[in-house]
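Worksheet: the structure to be examined is printed underneath.
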Amino acid sequence: MPELPDLEVFRRYFDSTALHQKIREVRILEDRLLEDIAPSRFRKRITEKSFESTHRHGKYLFAVLDDGSAVLLHFGMTGFLSYYKESTDESRHPRVIFDFDNGYHLAYDNQRMLGEVEIIEDAGDYLRRQGLGEDALDLTSSRFKSLVSGRRGSVKTTLMNQSFIAGIGNIYSDEILFQSGIHPKTKVQDLEENQIRTLFRQIQKVLTTAIDKKADPNEFPDDFLIPHRGEDDICPKCGGRIEKIKINNRGAYLCPKCQKK
DNA sequence: AGTACCACCTGACGGC
DNA sequence: TGCCGTCAGGTGGTAC
């Protein structure tokens with residue numbers, strides 16, 4: 001699930017549920033999610049504190065505590081947040097649970113555990129060390145153009161490269177390229193000037209549209225590829241067959257009629 | 001600088 | 001029914 005639009009939805013969810021409440025307890029159900037800090041220390045640092053604000057960069061969410069440090073949440077491929085009161089409403093694979101004074105709980109759920117939970121002193125410093133590019137929604141057209149110039153490699157691989165720009169993954173890169181009418185294997189250096197402009201515009205449009213729709217594919221516009229992202233599905237623009245290819249060992253879906261190389 | 005492949009994990013699904 | 005390979009929206013490391 002989690003690419004930039006999903007993360008932004010998580011962030012807003014966090015803001016509307018879990019801020020400004022004292023954390024009574026933290027339950028760590030899977031130590032492996034905490035790579036850089038011992039569970040006991042993590043608990044100690046957070047108990048009796050409260051979350052005061054959040055911010056997001058690409059696919060990373062930071063929940064800022066009242067002492068200025070932040071809990072970093074990365075969701076891997078299967079992570080999400082769940083705020084609930086009764087334990088009968090608990091999600092299926094909670095890995096870290098924050099218990100609040102008001103009796104509610106915020107669970108970080110992550111079935112496959114490809115993710116991370118840490119305490120970060122300085123988010124900017126962390127992002128630099130991760131080598132993350134600018135957030136995809138913070139870009140300007142001219143900035144995008146200059147980032148693209150000098151790049152090689154396929155356009156899909158480049159869009160998914162988090163050190164190029166942060167936030168776009170396998171699913172949304174397919175959508176952006178579909179809306180742009182660009183074949184995912186096109187070399188970046190072969191893109192025409194107007195294709196680069198289109199690409200930039202579609203990055204903004206696809207991501208903001210998805211956020212508006214709460215990252216729920218059922219609510220996406222009729223001409224979006226994502227709800228038709230299956231082998232032998234029908235192209236929502238031309239009615240042709242959707243094709244699946246492999247790029248970097250991952251499935252890429254496209255319409256060969258709408259997306260010529 | 002790019003790419004190709006493996007690893008980290010769990011679970012669902014199709015084929016036999 | 002059961003076993004097995006494959007695949008899934010992420011990231012990091014290594015070798016070429």
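Below, read A as the first sequence line, B as the second, and so on, with proteins coming before strands; counting in each chain starts at 1. None of the values given here were measured: they were computed from a predicted structure.
Between A:Arg95 atom CZ and B:dG11 atom P the separation is 7 Å, expressed in whole Å. In this structure, A:Glu116 places its CD atom 21 Å from P of B:dA7, rounding to the nearest Å. Look at NZ on A:Lys246: it is 11 Å from P on B:dC6, rounded to the nearest Å. The distance between atom CG of A:Asp109 and atom P of B:dT10, rounded to the nearest whole Å, is 14 Å. Rounded to whole angstrom, the span from the CZ atom of A:Arg129 across to the C1' atom of C:dT11 amounts to 16 Å. Here C:dA15 presents its P atom at 19 Å from CG of A:Asn248, a figure rounded to the nearest Å. The distance from atom CE of A:Met160 to atom C1' of B:dG2 is 14 Å, rounded to the nearest whole Å. Per the geometry, CD1 belonging to A:Ile211 stands 20 Å off P belonging to C:dG9, to the nearest Å.
Within 3.5 Å, no donor on the side chain of A:Asp174 pairs with an acceptor on the base of C:dG9, nor the reverse.
Here B:dG2 is the nucleotide among B:dC9, B:dG2, C:dT11 with the atom lying nearest to any side-chain atom of A:Arg151. Listed nucleotides: B:dG11, C:dA8, B:dT3. Nearest to the side chain of A:Tyr253: C:dA8. The side chain of A:Asn170 lies closest to C:dG9 when the candidates are B:dT10, C:dC7, C:dG9. Listed nucleotides: B:dG2, B:dA4, C:dG9. Nearest to the side chain of A:Arg152: B:dG2. For A:Thr157, taking side-chain heavy atoms from C-beta onward, the closest of the listed nucleotides C:dG10, B:dT3, C:dA8 is B:dT3. Considering only side-chain atoms of A:Tyr60, the nucleotide from B:dA12, B:dT3, C:dT11 that sits closest is C:dT11. Comparing C:dA8, B:dG11, B:dT3 by their closest approach to the side chain of A:Met77 singles out C:dA8. For A:Gln130, taking side-chain heavy atoms from C-beta onward, the closest of the listed nucleotides B:dC9, C:dA8, C:dG12 is C:dG12.
For A:Asp109 and A:Arg95, the salt-bridge test fails: no basic side-chain N is under 4.0 Å from an acidic carboxylate O. A salt bridge is defined here as a Lys NZ or Arg NE, NH1 or NH2 lying under 4.0 Å from an Asp or Glu carboxylate O, and A:Arg129 with A:Asp125 meets this definition. Between A:Lys59 and A:Glu3, none of the side-chain N atoms (NZ, or NE/NH1/NH2) sits under 4.0 Å from a carboxylate O, so this pair counts as no salt bridge.
With rounding to the nearest 0.5 angstrom, the CG atom of A:Leu191 is 13.0 Å from the NZ atom of A:Lys145.
Residue A:Lys244 places at least one side-chain N or O closer than 4.0 Å to OP1 or OP2 of C:dA8. At B:dT10, none of the side-chain N or O atoms of A:Arg92 fall inside 4.0 Å of OP1 or OP2 (strictly under the cut-off). A close approach under 4.0 Å does occur between a side-chain nitrogen or oxygen of A:Lys187 and OP1 or OP2 of B:dT3. The phosphate of C:dT11 has OP1 or OP2 within less than 4.0 Å of a side-chain N or O from A:His74. The phosphate of C:dG10 (OP1 or OP2) has a side-chain N or O of A:Arg250 nearer than 4.0 angstrom.
Residue A:Gln162 is in sugar-phosphate contact alone, with no base atom involved, counting any heavy-atom pair closer than 4.0 Å across all strands shown.
Nucleotides C:dG5 and B:dA7, compared at atom P, are 14 Å apart to the nearest Å. Here, B:dC9 and C:dC3 have their P atoms 24 Å apart, quoted to the whole Å. When the P atom is used for both C:dT6 and B:dC5, the distance is 14 Å, rounded to whole Å.
In this model, a donor atom of one side chain and an acceptor atom of the other lie less than 3.5 Å apart for A:Asn110 and A:Tyr108.
Residue pairs meeting the ring-ring contact (aromatic ring centres under 6.0 Å, His included) criterion with at least one partner in residues 179-209 of chain A, sequence neighbours excluded, are A:Phe144-A:Phe200.
Exactly one of A:Thr186, A:Ile165, A:Val188, A:Val148 qualifies for a side-chain contact (heavy atoms from CB on, under 4.5 Å) with A:Thr158. That residue is A:Val188. Of the candidates A:Phe75, A:Phe62, A:Phe80, A:Phe10 forms a ring pair (Phe, Tyr, Trp, His ring centres under 6.0 Å) with just one, namely A:Phe75.
Looking at A:Gln259, its side chain does come within 3.5 Å of a backbone N or O of A:Cys255 through a donor-acceptor pair.
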Pair assignment for DNA chain C - dot-bracket with | for other-strand partners, Watson-Crick or G-U under 3.5 Å:
.|||||||.|||||||
